[in-house]
Peer 1: 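Before we start, here is the structure in question, set down as structure tokens.
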Amino acid sequence: MAEEEEEVPIGQALNGLDVYPLPQGWTALGAIVLVKCLDEEGHSSWAFRTTDGLSDEELLGALTVRTDLLRRKLYDAYTSDADDE
């Protein structure tokens with residue numbers, strides 16, 4: 001991402017992709033977005049974006065927690081499938 005690019009509203013940046021809404025009464029303060037895309041040559045690729053206001057510590061913490069939760073979910077699914085055999 002070039003430094004000179006201007007920020008745009010998240011809905012515009014994601015070209016109309018849908019996401020689940022925040023719980024009622026919550027207010028968005030920042031975001032981490034990992035988007036699966038097709039590049040200009042039609043190859044599958046990933047784009048990573050963050051909003052202003054997130055520190056490196058917050059970003060690392062959020063990604064670490066999410067990774068650990070997903071790892072646990074996948075492990076539980078794997079071990080419960082093995083128990084069914």
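Values in this document were obtained by computation on a predicted structure and should not be read as measured data.
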Peer 1: Applying side-chain hydrogen bond (donor to acceptor under 3.5 Å, both in side chains), which residue pairs with at least one partner in residues 63-73 are found, sequence neighbours left out?
Peer 2: Asp68-Arg71
Peer 1: Would you give the length of the straight line joining atom CG of Leu38 to atom OG of Ser44, rounded to the nearest 0.5 angstrom?
Peer 2: 6.5 Å
Peer 1: Under the 4.5 Å side-chain heavy-atom rule for ILVMFWY, direct or indirect, which residues accompany Tyr20?
Peer 2: none
Peer 1: Using the side-chain contact (heavy atoms from CB on, under 4.5 Å) criterion, which residues pair with Val8? Sequence neighbours excluded.
Peer 2: Gln12, Ala13
Peer 1: Listed by chain and number, what are the side-chain contact (heavy atoms from CB on, under 4.5 Å) partners of Leu54, not counting sequence neighbours?
Peer 2: Ile32, Thr50, Thr51, Glu58
Peer 1: My understanding is that a hydrophobic cluster links ILVMFWY residues whose side chain heavy atoms are under 4.5 Å apart, including indirect links. Using that, what else belongs to the cluster containing Ile10?
Peer 2: Leu14, Leu17, Val33, Val35
Peer 1: Starting from Phe48, can I reach Val19 by hopping between I/L/V/M/F/W/Y residues whose side chains sit under 4.5 Å apart?
Peer 2: no
Peer 1: Counting heavy atoms not belonging to Trp26, are there more than 12 under 6.0 Å from its CH2?
Peer 2: no
Peer 1: Any salt bridge (Lys or Arg N to Asp or Glu O under 4.0 Å) involving residues 31-42? Give me the pairs, sequence neighbours left out, ordered by first then second residue.
Peer 2: none
Peer 1: Apart from Leu69 itself, what residues make up its hydrophobic cluster when side-chain heavy atoms of I, L, V, M, F, W and Y under 4.5 Å apart count as a link, directly or indirectly?
Peer 2: Val65
Peer 1: Could you work out, with side-chain contact (heavy atoms from CB on, under 4.5 Å) as the rule, every residue matching Leu74, not counting sequence neighbours?
Peer 2: Leu70
